[in-house]
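Order of the sequence lines fixes the chain letters, A, B, ..., with proteins taken first and strands second; residue numbering starts at 1 for each chain. Please read all numbers here as calculations on a predicted model, not as lab measurements.
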2 protein chains.
Amino acid sequence: MVRPQEFNTAEVLDKALGLFRRKGFEATSMSDLLAATGLSRSSLYAAFGGKRDLFLAAFDAYRAERTAELNRNLDSRPAREAIETFFRSIIDSVHGPESSCGCMSTNQAVELAPHDAAIRSRIAADFQAIEDAFRRTIARGQAEGSIASARDAGAIARLLVVAFPGFQVMVRAGADPARLDAALKELLTLLGEGPPHPSA
Amino acid sequence: MVRPQEFNTAEVLDKALGLFRRKGFEATSMSDLLAATGLSRSSLYAAFGGKRDLFLAAFDAYRAERTAELNRNLDSRPAREAIETFFRSIIDSVHGPESSCGCMSTNQAVELAPHDAAIRSRIAADFQAIEDAFRRTIARGQAEGSIASARDAGAIARLLVVAFPGFQVMVRAGADPARLDAALKELLTLLGEGPPHPSA
DNA sequence: AAGGTAATGGACTGATCGGTCCAGAACCTA
DNA sequence: TAGGTTCTGGACCGATCAGTCCATTACCTT
């Protein structure tokens, strides 16, 4: 190597991700991506390949980060509180930096997954990871007592992982957070009626 | 009028809907629509306006039909069975005519709703109609005894209406029907443990 | 049967799509 | 400081996009 890159790969992927997440794959043009990342056509193509390659790179970076964050958050709190916080943060993302972009995996489950096997298998892995994390957390909660329900942890996890894209879609469509909050409260009923929080 | 149309408006809208539902708005081109409907460029533009107008017309026809079907199905069975059947038919749509296209309202909640107020308000109305139908059905079930839970019908309905796009997204992403079935079974727990079916 | 009106087929437009390519600028090595 | 290598800017490509327009065809009215 003689001349170093003038851009930071991670930053470029993050900028690209922002566009893909907000507008979707089809509605995002290479011109959009060039403008957002600031690099030139040649550099972008040389570094990442075509539009789809860039998309996959950005998506994979996002998936890795979100999966790590998921496990970190679920493991760092009492089980019941962790699950409640996980869903509540989705609802609260309405008030995010700007209008929410939703979850990339959920968005792509709708846009590209039906027509693209590579995307589909990634999304299957994502949902599986979420389900596994839920199951593990529920089992822990049952052991430590923060989750009163005696129902099978795997069965509850399978419902929660379906509820996840449900909340994501509702948020992206602009649903009223208060209503989503009510839905979440009802969902958490399944974990058992025990006093969930110090605040209660 | 001197010369009659050579095409049936409802049929054209149905063909267009099929494309929009399967591929989304952006990924569907006017050429695709012309090929699928069989009519000429002039006819299509003269009859429906531009791509977006055609989309809205097809979408509205779909919404009207699905809303009517929703109410019909929910009202024509014992409440608990009706709700279970409603969700199960989503899961079973995996084995539909060809690979499932998912629910148009859910798909568009992801693709266009965040950027298009006209779409957003339609989708809000759709979800509201679903929630209302659920609430009414749950209340009926509590009165007639097929739903054992004494929890507020509105609260349960608000959860079910969130679960709805969750199932739709999972189906569209190609999730395993058996797993979705397990999730549904867990969800129905909220309606109360009573013997739901003659088959049980 | 003739005339007028509306639907149709298809050529055409400018814009934009994703992608390629090359000349020149920038940088590290020696 | 000179040489070689890589990165960068931007012109350029064919394809396709949504949309327009007009000549022709087909039909109903009288």
Side-chain angles (χ1 to χ4, degrees), chain A residues 1-60 104 107-108 111-112 115-119, chain B residues 1-60 104 107-108 111-112 115-119:
Chain A
M1 258 195 281
V2 186
R3 181 182 169 182
Q5 278 189 340
E6 292 185 1
F7 58 87
N8 178 291
T9 298
E11 278 178 17
V12 168
L13 288 180
D14 193 64
K15 294 277 180 57
L17 179 76
L19 279 180
F20 283 130
R21 198 171 159 190
R22 181 150 41 89
K23 306 180 39 167
F25 178 80
E26 292 289 346
T28 301
S29 72
M30 288 302 291
S31 299
D32 293 335
L33 292 163
L34 294 174
T37 60
L39 23 68
S40 77
R41 239 176 164 75
S42 332
S43 304
L44 195 150
Y45 275 93
F48 300 100
K51 183 184 179 183
R52 187 191 140 89
D53 303 291
L54 175 58
F55 175 83
L56 286 179
F59 188 24
D60 282 339
M104 186 76 163
N107 296 350
Q108 289 310 314
E111 185 183 9
L112 296 183
H115 321 103
D116 187 324
I119 304 287
Chain B
M1 258 196 279
V2 186
R3 180 180 171 181
Q5 278 190 340
E6 293 186 3
F7 58 87
N8 178 290
T9 298
E11 278 178 18
V12 169
L13 288 180
D14 193 64
K15 294 275 180 61
L17 179 77
L19 278 181
F20 283 131
R21 196 170 160 193
R22 182 150 40 88
K23 305 179 44 168
F25 177 80
E26 291 290 346
T28 301
S29 72
M30 289 303 291
S31 299
D32 293 335
L33 292 163
L34 294 173
T37 60
L39 29 70
S40 77
R41 238 179 166 73
S42 331
S43 305
L44 196 149
Y45 275 94
F48 300 99
K51 182 183 179 183
R52 187 191 140 88
D53 303 292
L54 175 58
F55 175 83
L56 287 179
F59 188 23
D60 282 339
M104 186 76 162
N107 296 349
Q108 290 309 315
E111 186 184 7
L112 296 183
H115 323 288
D116 188 323
I119 305 287

TODO: Flag the pair L56(B) / I119(B) as yes when at least one side-chain heavy-atom distance between them is below 4.5 Å, and no otherwise.
DONE: yes
Open item on the list: Tell me whether the side-chain N/O atoms of S40(B) come closer than 4.0 Å to OP1 or OP2 in dT8(C).
Closed with: no
Open item on the list: Using OP1 and OP2 only, check whether a side-chain N or O of S43(A) sits under 4.0 Å from dC7(D).
Closed with: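 S43(A) to dC7(D) OP1/OP2: no side-chain N or O under 4.0 Å.
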Task: base_contact_polar (dG19(C) base, R41(A) side chain, donor-acceptor, <3.5 Å) - done: yes
Open item on the list: Does S42(A) contact dG10(D) through a side-chain donor or acceptor facing the base, at a distance under 3.5 Å?
Closed with: yes
Open item on the list: Any side-chain to backbone donor/acceptor pair from E111(B) onto F25(B)? Under 3.5 Å, distance only.
Closed with: yes
TODO: Would you mind telling me which residue lines up with the more 5' stretch of DNA chain C, S31(A) or A46(B), judged by nearest nucleotide?
DONE: A46(B)
Task: Nearest-nucleotide 5' precedence on DNA chain C, R52(A) against L39(B) - done: L39(B)
Rounded distance (Å) that lies between atom [atom2] of [N] and atom [atom1] of [X]:
X: D53(A); N: dG18(C); atom1: CG; atom2: P; answer: 13 Å
X: Y45(B); N: dG10(C); atom1: OH; atom2: C1'; answer: 14 Å
X: E26(A); N: dA18(D); atom1: CD; atom2: P; answer: 11 Å
X: L34(A); N: dT20(C); atom1: CG; atom2: P; answer: 14 Å
X: K51(B); N: dT16(D); atom1: NZ; atom2: P; answer: 15 Å
X: M30(B); N: dC12(C); atom1: CE; atom2: P; answer: 20 Å
X: L33(B); N: dA18(D); atom1: CG; atom2: C1'; answer: 11 Å
X: K23(A); N: dT16(C); atom1: NZ; atom2: P; answer: 13 Å

- [ ] Using the six-membered ring wherever Trp is involved, compare the ring planes of F48(A) and F7(A) and label them parallel, tilted or perpendicular (cut-offs 30° and 60°).
- [x]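 The rings of F48(A) and F7(A) sit tilted, inter-plane angle from 30° to 60°.
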TODO: Scan S29(B) against the nucleic acid and name what it touches under 4.0 Å (heavy atoms): base, sugar-phosphate only, or nothing.
DONE: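 Result for S29(B) = sugar-phosphate.
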Open item on the list: Could you report the tightest heavy-atom contact between L19(B) and A36(B), atom names first, then the distance?
Closed with: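 That closest heavy-atom pairing would be CD1-CB, 3.6 Å.
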Open item on the list: Working to the nearest 0.5 angstrom, can you tell me the gap between K51(B) NZ and F20(B) CZ?
Closed with: 6.0 Å
